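Here's the structure, in structure tokens; my notes come after.
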Amino acid sequence: MSMDARDAVLAAHPFALDAAEKGRLLGAALVELTAHHAANCPEYGRILAAERAGVPAGISDVPFLPVRLFKELALKSIPDDQIFKTLTSSGTTGQVPSRIFLDTATAQAQSRALAAITTNFIGKDRRPMLIIDHPGVVRDRTSFSARGAGILGMMTYGRAHTYALNDEDMGLNLDAIRAFAETHAGKPIFAFGFTFMVWKYFLSALQAADITLDFPGSVLIHSGGWKKLEDEAVSNDHFKSVARHRAGFEFVHNFYGMVEQVGSVFMECEHGRLHAPGFADVLVRDPLDWRVLPVGAEGIIQVVSAIPLSYPGHSLLTEDRGVLTGEDDCPCGRRGKTFRVLGRIPAAEMRGCSDTHTSRAA
Amino acid sequence: MLTADINNKISVMAPAGGSIAATLAAPRAAPFAPERLALVDAVRKAILAHPQARSRPEMVALAYWARSANLARLAETLDGHTQVARGAVLHIAPGNVDTMFLYSALLSVLAGNVNIVRVSGRESDALQLLLQLLNEALAGLPAEVRDCLAVVRYPAEKPVNDALSARVDMRVIWGGDETVREVRASPLPPHATELTFPSKVSAAVIDAGAWAAATDQPEQARRFALDAITFGQQACSSPLALFWRGDADVVAAAQASFWPLVESAIAAAGEPFAARAAVDKLLAEQMLAAAGPAQHRDTADYRLRVTTVPDLGRLTRTAGDGFFVERRIDDLSDLAAMVARDWQTIASFGVSADDWREFMTLGRPHGIDRVVNFGQALAFGHVWDGVNLLTALTRIVAIEV
């Protein structure tokens, strides 16, 4: 099956395509992928048949799967012997994790895409890298948690990798941090971690111990969702300010992404907007009838990407609410749509006769 | 009596100034004793006197059920035996089918028992209103009558369940499989009995020919819609699936006229629309499609979604708030293999009582506790899940001299 459009859009600069070019190129790539998955993933084929879906007329016409479907079903468009690795979502305790099956082609496309985006934000030179997690998170390489996979993916873009936390108690590994700081004093470094881990075990721990680090010109990239921090009333602005003052991280970039759509990294620019790269896109939909909403209107976030070849994850409906903030018009100069994430879709009100006494529900 | 530790965990929501101790010590009564009838009547009047309560169909239904003519009919069902109260009853009420806890409690009040009713810790407007009305109603009654009912809240912890269970003669558990399992871990005294109402699912059956001939289609569709969506389709009695009896072409024509009417009825009901429910429906319909042959019906929006599954073999609760699966059947007997023990209510249109009796006798399905007309799925009756609650809440004294 020809994947010319997919190849082309993956080869393009991540922030150079304007709306018209992207509509043509990414649209064509998604048409290729839709046909590919319909032919190779029987469940996906049946889902499209039940919706009487024809060939998509453009990006917004591609059918979408709710991300939770990957918790319910093992969806793949490759034979089992081509599975190169399986990602699982960390998820909330007690929940079934998503299972995402990657072949080598998809994994390669993912790492190239990640490289293109990351170097756009931290430059091509590999910087000393401070990993804000404990070494154990990547030790078992046969079972990748989303966190471990994310860290391994990012390690490519740094050198002299140092873990900031201890395995035993997630406490600060001050010896390692101090040695790292002495070796790379005054140089811009690259720090990476998951939002909640960075906040709770690194920034809060530095505050509690009244330690100030100094890495001028450094970049912190973090991801993983704001829910737990919102519960603690920590805003993005506050997070950035503590990161700057406590650790000297001058540039702090949050990114939005999910294990169910590998390679879709929506990075926050210096103007605080999340950016869709050229090979991926973001749409905001009205849950009443799933029509596409314009800039400024709040709805449910849909993400599309040219990367997923081994599983039908090229068009997904997320569990998040969001709003588009513009297209091809961000002051940072990057082309493509920008958006904000407004949080999870609220849980439905329980109105049934069932299970209201249990400790879980009460 | 209860330890201070346990007592501190229990909040009495009604009556004002009530306590577990006062309720356990309150006098039992004869079934349908005048003071117990007066209590139920006071609740009925409080509902009807409150404009907000009067605007809620489920509360109006409760008041209607509590009218004296209906209670007199109920009392007659006890005739022929000497029946007396069981004693103290602990009710674990279901969550947000809010009125249900009152049916359960009021029946037991009428039976002559004293009652501790545990209501959900979750706040809802309807529950708040019911508690307020209950308090108003009880305030006008003498203390020894009022204390036959204590509506309480407590954290779902085993020590509290243990302490209360040890002091009652009967326990009534609503609220689904998990609740039943959890509460059952607390032992009852050897003589005590128990009623459980575990998780159930319900469906509807329409005879396509009868539908085509019906002269009141919009009204029937409205009743079906209310049966389904009043509690977000999460009530055990609300239909999740619809089975069409008839030949393929007759069924197709009936479906084509039925669903648009249901869609209008749902829109007219004006229930709030939840994004979460829409995502759940999308997920549910894709799960069905992924599993086998399925077709989604075109609907205006995600307030109503219908998936036709020609070989539907099992009924499970997936999405709610206006999500249906449908299948054609030639005959009721096609249902027999599908009906599981957890099937409760069939909302039926155009299928005769004789057909249902024959099906229950010859098909011997494991489940199905009631078959009702459209509009009656949520109507509470003292016979529920195959149990005559009133009989179960009393004991029969055999006087054979």
Side-chain angles (χ1 to χ4, degrees), chain A residues 38 41-53 63-75 284-291 293 298-302 312 316-322 342-362, chain B residues 92-97 100 118 120-122 124 155-157 161 173-179 181-183 197-200 230-238 273-280 282-283 285-296 298 300-303 307 317 320-321:
Chain A
C41 175
E43 294 90 348
Y44 184 75
R46 287 196 290 266
I47 287 169
L48 295 202
E51 289 173 11
R52 296 184 290 277
F64 42 86
L65 309 183
V67 288
R68 244 189 308 152
L69 198 64
F70 293 89
K71 298 185 197 293
E72 304 283 349
L73 303 174
L75 299 172
V284 173
R285 291 189 181 267
D286 185 336
L288 184 62
D289 50 11
W290 305 120
R291 81 196 152 89
L293 292 171
E298 294 181 10
I300 311 299
I301 296 176
Q302 178 199 352
L316 300 179
L317 187 75
T318 72
E319 299 265 301
D320 298 309
R321 295 178 309 114
L342 302 169
R344 306 283 280 182
I345 304 170
E349 188 198 356
M350 281 294 298
R351 303 177 71 193
C353 325
S354 287
D355 294 329
T356 50
H357 183 73
T358 52
S359 20
R360 196 197 55 210
Chain B
I92 307 293
N96 285 356
V97 179
M100 189 62 99
R118 192 269 185 186
S120 163
R122 202 177 4 240
S124 83
E157 293 170 7
N161 284 334
I173 312 173
W174 302 85
D177 292 354
E178 275 189 51
T179 307
R181 279 193 200 100
E182 192 168 308
V183 177
F197 297 92
S199 306
K200 294 270 177 162
T230 298
F231 296 105
Q233 214 176 354
Q234 293 172 44
C236 330
S237 318
S238 292
F273 178 79
R276 169 61 62 191
V279 178
D280 287 349
L282 183 67
L283 182 74
E285 64 188 22
Q286 291 192 355
M287 296 271 293
L288 287 167
Q295 283 287 308
H296 310 310
D298 284 326
D301 56 48
Y302 265 63
R303 277 179 290 196
T307 299
R317 189 175 294 279
D321 264 344

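Lettering of chains follows the sequences in order, A, B, ..., and the numbering in each one begins at 1. In this text, all values refer to a predicted model and were calculated from it rather than measured experimentally.
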**Request:** Could you look at A:Leu75 and say if it's the side chain, the backbone, both or neither that has a heavy atom under 4.5 Å from chain B?
**Result:** neither

**Request:** Using non-hydrogen atoms and a 4.5 Å limit, figure out which bit of A:Leu73 sits close to chain B: side chain, backbone, both or neither.
**Result:** side chain

**Request:** Hey, can you tell me if A:Phe64 and A:Trp290 have their rings parallel, tilted or perpendicular (30° and 60° cut-offs)?
**Result:** perpendicular

**Message:** What verdict does the side-chain contact (heavy atoms from CB on, under 4.5 Å) test give for B:Gln233 and B:Arg317, after you've listed the backbone C-alpha separation in whole Å, the side-chain angles of each residue and the deciding distance to 0.1 Å?
**Reply:** CA-CA 9 Å; B:Gln233 214 176 354; B:Arg317 189 175 294 279; 5.9 Å; no

**Complete:** Output for pair (A:Arg291 CZ, A:Leu293 CG), nearest 0.5 Å, gives 5.5 Å

**Request:** Specify which of B:Arg181, B:Gln286, B:Gln295 makes the most heavy-atom pairs with chain A at under 4.5 Å.
**Result:** B:Gln286

**Complete:** Bottom line for A:Ile47: the part with an atom under 4.5 Å from chain B's heavy atoms is both

**Fill in**
Smallest heavy-atom separation, B:Val279 atom then A:Ile345 atom, equals CG2-CD1, 3.7 Å

**Message:** Which heavy atom of A:Leu65 sits nearest to which heavy atom of A:Pro312, and what is that distance?
**Reply:** CD1-O, 3.4 Å

**Part of A:Leu317 lying under 4.5 Å from any heavy atom of chain B** = side chain

**Prompt:** Under a 4.5 Å heavy-atom cutoff, which of A:Leu69, A:Leu48, A:Asp289 has the most pairs with chain B?
**Reply:** A:Leu69

**Asked** For A:Arg321, is it the side chain, the backbone, both, or neither that has a heavy atom closer than 4.5 Å to a heavy atom of chain B?
**Response** neither

**Message:** Between B:Asp298 and A:Arg52, does any side-chain N to carboxylate O distance fall below 4.0 Å?
**Reply:** yes

**Fill in**
Given B:Leu288, B:Ile173, B:Asp301, the one with more heavy-atom pairs under 4.5 angstrom with chain A than any other is B:Asp301

